[in-house]
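Letters A, B, ... are given to chains in the order of the sequence lines, protein chains preceding strands, and every chain is numbered from 1.
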Number of protein chains: 4
Amino acid sequence: MELQANSYGKSAVRLTKVVRNGARHELFEIDAAVTLEGDFESAYRDGDNRKVIATDSIRNTVYVLAKENSFDSIEQLAVVIARHFVATYLPVRRAEVVLEQASWRRIEVDGKSHDHAFTCDGPQRRFARATFTRGDGETAIWGGVKGLLVLKTTASEWRDFVDDRYRTLKDTRDRIVATRIDAEWRYGSADANFGEASGSIDAAILSTFAMQHSLGVQQTLLAMGHAALEACGVIESIRLDLPNMHRIPFNLEPFGLKFENDIFVATDEPFGMISGTVSRTKEPRQ
Amino acid sequence: MELQANSYGKSAVRLTKVVRNGARHELFEIDAAVTLEGDFESAYRDGDNRKVIATDSIRNTVYVLAKENSFDSIEQLAVVIARHFVATYLPVRRAEVVLEQASWRRIEVDGKSHDHAFTCDGPQRRFARATFTRGDGETAIWGGVKGLLVLKTTASEWRDFVDDRYRTLKDTRDRIVATRIDAEWRYGSADANFGEASGSIDAAILSTFAMQHSLGVQQTLLAMGHAALEACGVIESIRLDLPNMHRIPFNLEPFGLKFENDIFVATDEPFGMISGTVSRTKEPRQ
Amino acid sequence: MELQANSYGKSAVRLTKVVRNGARHELFEIDAAVTLEGDFESAYRDGDNRKVIATDSIRNTVYVLAKENSFDSIEQLAVVIARHFVATYLPVRRAEVVLEQASWRRIEVDGKSHDHAFTCDGPQRRFARATFTRGDGETAIWGGVKGLLVLKTTASEWRDFVDDRYRTLKDTRDRIVATRIDAEWRYGSADANFGEASGSIDAAILSTFAMQHSLGVQQTLLAMGHAALEACGVIESIRLDLPNMHRIPFNLEPFGLKFENDIFVATDEPFGMISGTVSRTKEPRQ
Amino acid sequence: MELQANSYGKSAVRLTKVVRNGARHELFEIDAAVTLEGDFESAYRDGDNRKVIATDSIRNTVYVLAKENSFDSIEQLAVVIARHFVATYLPVRRAEVVLEQASWRRIEVDGKSHDHAFTCDGPQRRFARATFTRGDGETAIWGGVKGLLVLKTTASEWRDFVDDRYRTLKDTRDRIVATRIDAEWRYGSADANFGEASGSIDAAILSTFAMQHSLGVQQTLLAMGHAALEACGVIESIRLDLPNMHRIPFNLEPFGLKFENDIFVATDEPFGMISGTVSRTKEPRQ
């Protein structure tokens, strides 16, 4: 029998970093996951751990590197951490680092944003991923957003789909559409202005969602991808996952009332899931 | 043996209502729970359900009443539902309705808030509760907010607490404090402007959190309560639950580095829980 | 303005205790929450914390008391902790301790239960609560179980309930019923054999659920309460919360198929909630 | 710009099926997810949905196929569903079906397992996955278990790992190890006895966990994989994900007490994650 793929690492490393530029503080709250691949087979075969960096040491490293390096974006920190593990430990062939950042915004008091008090801006989280492979020399970097909730109350149709034995849903020219956007984009280089890129992509996605008259989530997905690639020149491709969080018309007929696109049942289960990757070129790098 | 207290109802009724004032749509997404008490002992004793309103019918009623009534706030809808059940069904002695509202805000496109596209404003949820008791004539109404996340990076001390065998924590004059505010306030009348009240109370709580130099969560709680009662004349009392979501200094010493109030471990467990009720008078109504 | 009720404490204190009786190990995994009430107003008013036991010290205390005391049941440990806080700190007027225990059972290897290896027995958790009030001298003790999932595929009816405008559900003489039982019972004394009591109550509840031909969840609730009080002489009363986790017949008609009580949609939302307290006497102690 | 990969489907389809063999009922509670790939680009490009099977129809199909087919295992149902979509719809090039099954066991009453009343056997869930690709002719089938919680209180060491600046953890020859096993295995054929296979693999994994003296989670993972492949001849390979759910010794020194491998802090965050795939041959099929 053979040990094929193997990897290990540490997940849910929860880091808070405060940068104190005088009275104005910057806040980073980050969940980190580090995964290492390499020459670790002796640990699996013989319980010989001499090449293994303990996951507790991996955790320590995340905090130490966050202390020793300044960064404006989680993309930068992800690159630092990924490179560190390959550069420091010969058995490590490849390191992958995934960081998620909580959304804090400054509290407004009397119309002014506060220096050191924050409230949550939403359930969505900024996302970064970096991989570094020994001998490769290049760091692959992704950014993204996870869990960006949006809903619109009109300007969405769903009709003309396959009509056969299994269909019970009717055509509609006016429905609610709601989704929880997961987007992940690949940067073309490690020198991008990651904060600016993320902001322009988010704006493009939200604006497309709001302004497009939608014939289906599939169509909206491609439009969002196009808009993101147009808005941000430093990304090569973008993957979108758009769960369709259905709002179902409540049947008012038994009560002698008329449905006027006004009363819906909100549901979590089941949900549709529409996915796609949009890129500038035919054969994008994975 | 005796059947003492009994009650029943329907929870997690998820209602979406869209109000279409021309092109500008209003959106309500509400989770409702209705609990009834009354003369239902025959169902428990004998399986005789003739006095029981099925929880499925309770669910239907929530949707129908949301259709038939216009409202600006979930407090208003809670009152309508509570009164309905007591007025309609003789066996119902008391009805309690709890509504929670998801936080949607309009998407901004080119600096203008969109007519019908929304994104999530945060994990916090607006909260309303109404109880109506037969013969009582009066509806008791509470409003609130649940899950309002806040964090500040300084201006928070924690010192001089009991020092004995069980204490290992040191005094600190500068720490991070983070909490997830649950607030519930009681209105003095059913005719209040609920939306205005909620807005002014939220602002008072957030402003107090940001501006107060805190000697402890207990002190902050009372200050928040005072500020809320001052900001909003139509509430009689306010209850606050403030979990202390600890950010723990990361021990940098083993790595030859100095902690400068900069690197913390964020934790969910365990958490402190500080609670209190602040009221205008010595003996508030429950 | 007045500070009415106030309390504070520590929640989600996660304790693992291993008792090593030779090769055969006993395992306790417990989540603890401690709430203190008393003379703490100066902390709220003035930020004067000199009477306050830090919640971090409360946490330490839970671990130390678990080390220093042997116990067979979480009820015993809850009593020890509650009494400790009132006995040790003069400002504490009342202490409430809630403990929940994870369900571990020994792994079977070749038909024998293993000495030190465990697997999870189910999502349900054993529950204990103790309160001790200064001057009172008496400790109130509750036991219970939380999240005990049960389902039966027949022998459950639901019919003859109120028929009016809001009803759309039809009578049924054969349905699936599923619930997630929360039960909390009050012990008559602090000297009960808590483990034996819990075992016999669980068995009575499960047996009643399985064997009763049910005319409704209300009827089942009272029968469970009766059975528990009969099976266990050391409890005074029992409260049951029985959410009705609906399995809804899937409409097979559009597909030319017949529903034969066989294909259902499982749902979490909305759910009915049936509650009740059964006691030996008319006026039970709260 | 190009639309690269695209796929869509329905998730969280919650199906309950009761098979009534006389008085003895069989219960299946299944969460289904179906993902389709194929010639759907016109929906993305032009909002032309004529080739698209609505996700609502996909949902209907799951219920209908569960009605029309008898099965003993979720592997069988997964195969039926995957083949259906490719066979029925020309645009579908590939279908993937993932099914998860809740763990119900019969309630014991007076030592006998009940005919139609069930309780939950644990948080773990049986898992099946099938993919069918047009032109391929072969169905790929995986089985598995998700969330199988295990803990052992001794016979686990962790020592001799890399010692450098980032290490603070000491060697230990006796620790608690706890994990939540996710295992996924690939069957060699579509005619396997899936129920028997799953049972023997589960037993091999649990027995290995209990009996092995472990030098690390990596070593335990490989031993589990070996044991599974030995116990069950019909699988080709097995992937295991073993999060290390740390129990951290509580520091009793400040309280004048001695740690005797008895008092631990249970934690969820952060956690180690050890993964690996074990196969019979050097180059297993993906």
Side-chain angles (χ1 to χ4, degrees), chain B residues 1-14 35 40 43-47 49-57 59-61 64 89 159-162 166-169 215-216 218-219 221-222 225-226 229 237 244 268-282 284, chain C residues 1-14 35 40 43-47 49-57 59-61 64 89 159-162 166-169 215-216 218-219 221-222 225-226 229 237 244 268-282 284:
Chain B
M1 294 176 204
E2 300 289 327
L3 177 64
Q4 303 290 337
N6 72 79
S7 67
Y8 82 99
K10 196 78 159 192
S11 291
V13 178
R14 296 185 52 193
T35 306
F40 300 115
Y44 289 81
R45 291 255 166 247
D46 311 312
N49 301 315
R50 285 176 296 172
K51 291 178 181 167
V52 177
I53 309 111
T55 66
D56 189 69
S57 306
R59 167 188 176 273
N60 286 341
T61 304
V64 168
Y89 303 103
R159 56 183 169 84
D160 303 332
F161 45 90
V162 170
Y166 300 98
R167 173 173 170 177
T168 53
L169 195 65
L215 299 173
Q218 281 89 339
Q219 192 201 25
L221 186 150
L222 186 57
H226 276 184
L229 288 164
S237 64
N244 195 343
D268 285 336
E269 296 176 336
F271 59 90
M273 174 54 91
I274 318 298
S275 299
T277 302
V278 188
S279 70
R280 292 193 200 280
T281 57
K282 271 219 148 129
Chain C
M1 294 175 202
E2 300 289 328
L3 176 65
Q4 303 289 337
N6 71 81
S7 67
Y8 82 99
K10 196 79 160 192
S11 291
V13 178
R14 297 186 52 193
T35 306
F40 300 115
Y44 289 81
R45 291 253 166 248
D46 312 311
N49 301 314
R50 284 176 298 171
K51 290 178 180 166
V52 177
I53 309 110
T55 66
D56 189 69
S57 306
R59 167 188 176 272
N60 286 340
T61 304
V64 168
Y89 303 103
R159 56 184 169 85
D160 302 333
F161 44 91
V162 170
Y166 300 99
R167 173 173 171 177
T168 53
L169 195 66
L215 299 173
Q218 282 88 340
Q219 191 200 25
L221 186 150
L222 187 58
H226 277 184
L229 287 164
S237 63
N244 196 343
D268 285 337
E269 297 176 336
F271 59 90
M273 174 55 90
I274 319 299
S275 299
T277 302
V278 188
S279 70
R280 293 192 198 281
T281 57
K282 272 219 150 128

- [ ] Heavy-atom distances under 4.5 Å only: say whether Leu221(B) touches chain C with side chain, backbone, both or neither.
- [x] side chain
Open item on the list: Under a 4.5 Å cutoff for heavy-atom pairs, which residue among Val13(C), Asp56(C), Thr35(C) has the most contacts with chain B?
Closed with: Asp56(C)
Open item on the list: Please classify the contact of Ser57(B) with chain C as side chain, backbone, both or neither, using a heavy-atom distance under 4.5 Å.
Closed with: both
Open item on the list: Closer than 3.5 angstrom, by distance alone: can the side chain of Gln4(C) be matched with the main-chain N or O of Thr281(B) as a donor-acceptor pair?
Closed with: yes
TODO: Name the member of Val52(B), Thr55(B), Asn6(B) that forms the most heavy-atom pairs with chain C at distances under 4.5 Å.
DONE: Val52(B)
- [ ] Report yes or no: does Asn49(C) contribute a side-chain atom to a donor-acceptor pair with the main-chain N or O of Arg159(B) at less than 3.5 Å?
- [x] yes
Open item on the list: A side-chain contact here means heavy atoms from C-beta on lying under 4.5 Å apart; do Gln218(B) and Tyr8(C) qualify?
Closed with: yes
Open item on the list: Is Tyr89(B) in contact with chain C via its backbone, its side chain, both, or neither, using a 4.5 Å heavy-atom distance?
Closed with: side chain
Task: Where Lys10(B) and Gly272(C) come nearest, the two heavy atoms and their spacing - done: CD-N, 3.8 Å
- [ ] Go through the steps to decide whether Leu222(B) and Arg45(C) satisfy the test side-chain contact (heavy atoms from CB on, under 4.5 Å), and finish with yes or no.
- [x] CA-CA 7 Å; Leu222(B) 186 57; Arg45(C) 291 253 166 248; 3.6 Å; yes
- [ ] Below 4.5 Å from any heavy atom of chain C, which atoms of Arg14(B) appear? Answer side chain, backbone, both or neither.
- [x] side chain
Task: Structural part of Val64(B) lying under 4.5 Å from a heavy atom of chain C - done: side chain
Task: Spacing of Thr168(C) atom OG1 and Arg59(B) atom CZ [to the nearest 0.5 Å] - done: 7.5 Å
Task: Residues in side-chain contact (heavy atoms from CB on, under 4.5 Å) contact with Ser275(B), at least two apart in sequence or another chain - done: Arg239(B), Asp241(B), Met273(B), Ser7(C)
Task: Side chain / backbone / both / neither for Arg50(B) at chain C, heavy atoms under 4.5 Å - done: both
TODO: Ignoring hydrogens and angles, tell me if any N or O in the side chain of Asn60(C) forms a donor-acceptor pair with the backbone of Arg167(B) under 3.5 Å.
DONE: no
Open item on the list: I need the Asp160(B) CG to Lys51(C) NZ distance, nearest 0.5 Å.
Closed with: 14.5 Å
Open item on the list: Looking only at heavy atoms and a cut-off of under 4.5 Å, which of Leu215(C), Leu169(C), Val162(C) has the most pairs with chain B?
Closed with: Val162(C)
TODO: Mind checking side-chain hydrogen bond (donor to acceptor under 3.5 Å, both in side chains) for Asp46(C) and listing every partner two or more places apart, or none if nothing turns up?
DONE: none
Open item on the list: Only pairs of heavy atoms separated by less than 4.5 Å count here; which of Gly9(B), Gly216(B), Gly225(B) has the most with chain C?
Closed with: Gly9(B)
